[in-house]
Amino acid sequence: MYGEIIVFLFLLISSSYLLYEALKLPKLPFVVIGPEVWPSILLIGIIISCISAVVYRYVRKNYYRPPKLGRGGLIRVLTTIMFIVIYALVFEYIGFFISTLLLIPIYLKFLRVRTLTSLVVGFIFAMLALLLFPVFLLIPLPRGYGVFYDLTTYILGLFGR
Amino acid sequence: MMEYHLINIYQAFIYIITNPLNMGVLILASFIGLLAGATPGITSVAITAILLPFTIWLPPETAIIALVAAYTSAVYGGSVSAVLFRIPGSTENIMTALDGYELTKAGRSGFALMLSRFYSFLGGLVGGLITLFLTPILADVAVMFGPSEMFALVVMAISFLATFEGGVKAVISALLGFFLATIGSDPVTGVYRFTFGVTILGGGFDLVAVLLGIFAISEVLRLLESELRFEVVKERYKFRELMFPSKELFLRLAPPVFLIAAPIGWLIGFLPGIGATTAAVVAYLMARRFSKSPEKWGTGIPEGVAVSETANNAAAMGTLVPTLALGIPGGAATAIVLGALMIHGVIPGAWVFTYRAQLGYTVLVGTVLSNVVFYLLAPVVIYMFLRLGEFLRRNIPFLAVMVIFFCVFGAYVIRNSVVDIIATLIIGVIAYVLSRYKFPTAPMAIGFVLGPLAEKYFRRSLDIAFGNPLVFISSPISQFIYIATLLAIVIPTLYTRLKTRKDVKS
């Protein structure tokens with residue numbers, strides 16, 4: 001019941017803090033409209049909207065209840081967020097190829113996909129990344145450090161890159 | 001004057017279709033553009049930039065045709081992934097994702113893809129023909145739009161945001177989008193705003209990263225909330241249904257397409273520095289405003305796909321006008337085209353249509369022809385992606401992995417930075433949480449698109465007028481736009497009220 005109010009209050013508090021930050025921005029003497037004006041207008045708009053929404057819902061006792069999120073769904077959502085964070089963190093250290101090859105099968109295994117299928121899909125995506133970006137489109141991607149660098153460089157070398 | 005114009009168009013047409021190099025390059029570039037556009041993470045601007053080095057050895061006309069064909073095809077191609085996976089392949093397809101994806105969820109992806117293909121072609125053709133016949137005449141009009149007139153145009157677009165369902169939640173969502181666009185270096189003074197010491201945020205959030213977060217990541221999280229397998233209706237279509245809309249549907253879609261999407265899209269593309277993404281947003285909001293049932297927009301109606309695709313392709317054509325005739329790029333992709341012109345020693349300007357008439361007209365005719373080429377090539381790409389989409393929607397884990405894969409790589413390749421992947425994730429999570437509480441997320445994306453333009457023209461106008469706010473209404477063009485905006489808000493509201501009163505009485 002209070003979820004919606006919490007969302008509005010979170011937006012209200014964060015907007016107030018950001019407004020405080022905006023007003024601290026340096027005011028330059030030669031500029032007519034400073035860098036703080038436009039964000040301040042927007043943040044004041046968000047603050048007013050949030051206050052009006054909270055008051056309206058409190059007075060009318062009219063709250064929106066989102067569909068209930070089951071335990072399985074919640075775990076899947078949180079794991080997906082964790083998966084992307086880990087993917088992003090290791091992306092530059094172990095290289096795009098190895099990180100894709102390793103992490104996608106682990107994630108698929110968590111989503112109850114069979115081990116062999118997970119491994120095959122992981123390999124397909126790693127090859128897709130390899131062929132699409134560095135080979136065909138000539139877009140450089142991180143190769144990782146140390147042994148990972150050597151390994152990715154060797155694989156790229158097989159395709160003439 | 002007109003005879004000279006028509007003769008040049010005819011000569012350019014003959015020159016293109018009888019020259020195997022021109023035709024070969026046109027077909028190849030269109031196919032590459034289609035594939036790149038349909039692949040999430042490779043935008044129309046990216047593919048135009050990637051092709052640039054390969055066009056240096058070509059004759060100037062052929063090189064420009066290649067770049068423009070790749071760009072226009074990618075603008076269409078982006079609608080394929082927008083419809084099937086809710087990932088706009090190019091930023092221009094942001095509005096197509098709203099209704100297109102809803103049609104896919106309802107088991108009508110083939111129908112949605114037919115609409116996007118047909119109306120992309122139509123938008124490109126109408127925009128191309130306007131460009132072809134009016135470029136030499138209208139080139140000077142573009143420079144009449146100063147900052148205050150541009151700001152009036154942005155205000156018009158913002159005012160149409162009010163038509164979104166959700167009341168105060170839609171307003172907050174839009175304001176959040178506008179605010180996200182202010183993060184980074186201030187465009188006037190260079191002061192870092194809300195970067196909190198993260199240096200790479202000085203460049204702000206990239207539009208691609210924000211769109212991937214709002215549309216793709218939030219949708220994946222929403223899909224993973226529920227069961228991992230669900231029944232997908234096997235789509236069966238007759239060949240004709242995948243080629244053209246029915247006569248009834250065409251007539252139903254004609255008013256928003258021909259009266260709003262094509263002219264507005266082209267006009268916004270024609271104005272320097274705005275681009276096709278804004279054109280699609282403004283045309284969609286305007287058509288929604290004038291619709292008899294605006295509440296249905298975003299729920300999977302054909303109008304949404306048709307208007308968005310017509311507008312962005314018409315705008316893609318319009319962006320060529322200031323590029324060729326004034327040397328002012330209409331958007332990022334045309335800035336690359338401008339660069340290519342300069343590489344080939346062509347200085348853009350009105351004289352491109354007089355002293356270098358063959359070049360100017362060949363480029364314009366090639367642009368119109370590129371629409372025909374991508375229309376004919378599209379079924380191959382559509383078929384590939386349609387089957388892939390059907391398979392992935394039956395297997396949610398694979399769909400999730402594919403979307404995450406393209407989000408991670410798509411966000412990373414923008415600036416070769418992991419910060420963009422994290423930014424995409426954070427924005428995606430925010431959009432997911434907000435959508436759980438019935439905040440519409442489309443206004444956030446629209447706010448992010450319009451935000452930089454709104455701030456730039458707002459501040460520039462006031463700077464020029466030394467802070468005098470009357471600058472916003474001092475020019476006749478601004479006054480006209482504000483009056484038109486006011487009428488656009490008042491007339492549909494009055495019409496709806498009168499109709500409701502009539503219905504109640506009857």
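Since this is a predicted model, take the numbers as computed values, not measurements. The chains referred to below are lettered A, B, ... by the order of the sequence lines, with proteins before strands, and numbering in each begins at 1.
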Between [options], which residue shows the highest count of heavy-atom pairs closer than 4.5 Å to chain A?
options: B:V171, B:I421, B:V408; value: B:V408
options: B:T182, B:I404, B:V168; value: B:I404
options: B:L176, B:L51, B:V429, B:I422; value: B:L176

Against chain B, label [X] side chain, backbone, both or neither, depending on which of its atoms sit under 4.5 Å from a heavy atom there.
X: A:T117; value: side chain
X: A:L108; value: side chain
X: A:S52; value: side chain
X: A:L74; value: neither
X: A:I81; value: both
X: A:V77; value: both
X: A:F8; value: side chain
X: A:F110; value: neither
X: A:L43; value: side chain
X: A:L11; value: side chain
X: A:F125; value: both
X: A:F136; value: neither
X: A:L25; value: side chain

Measure the shortest side-chain to side-chain distance between [X] and [Y] over non-hydrogen atoms and say whether it is less than 4.5 angstrom.
X: A:L130; Y: A:M127; answer: yes
X: B:L434; Y: B:M444; answer: yes
X: B:M384; Y: B:L35; answer: yes

(message) Looking at A:M82, I want to see if its CE is surrounded by more than 12 non-hydrogen atoms of other residues, nucleotides or ligands under 6.0 Å.
(response) no

(request) For atom CZ of B:F196, decide whether the heavy atoms of other residues, nucleotides or ligands shown that lie under 6.0 angstrom number more than 12. (result)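 Count over threshold, so yes.
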
Which portion of [X] sits near chain A, non-hydrogen atoms under 4.5 angstrom:
X: B:Y437; result: both
X: B:Y412; result: side chain
X: B:A174; result: neither
X: B:L425; result: side chain
X: B:Y432; result: side chain
X: B:I217; result: side chain

Between [options], which has the largest tally of heavy atom pairs under 4.5 Å with chain B?
options: A:A22, A:P142, A:P67; result: A:P142
options: A:G73, A:A53, A:G70; result: A:G73
options: A:T80, A:L18, A:V113, A:V121; result: A:L18

Test item: [X] side-chain N/O and [Y] main-chain N/O as donor-acceptor pair under 3.5 Å:
X: B:S173; Y: B:K169; answer: no
X: B:R193; Y: A:P35; answer: yes
X: B:R459; Y: A:I33; answer: yes
X: A:E4; Y: A:Y63; answer: no
X: B:N395; Y: B:F398; answer: no
X: B:T48; Y: B:L67; answer: no
X: B:R86; Y: B:A216; answer: no
X: A:T152; Y: A:R143; answer: yes

Report yes if the distance between the aromatic ring centroids of [X] and [Y] is under 6.0 Å, otherwise no.
X: B:F178; Y: B:F448; result: no
X: B:F472; Y: B:F458; result: yes
X: B:F405; Y: A:Y87; result: no

(request) Would you please say whether a donor-acceptor pair under 3.5 Å links the side chains of B:S417 and B:D420? (result) no

(request) Please work out whether the ring planes of A:Y93 and A:Y145 are parallel, tilted or perpendicular, with thresholds of 30° and 60°. (result) tilted

(request) Please list, in residue-number order, every residue in residues 95-106 of chain A that has a heavy atom less than 4.5 Å from any heavy atom of chain B; write 'none' if there are none. (result) A:F96, A:T100, A:I104

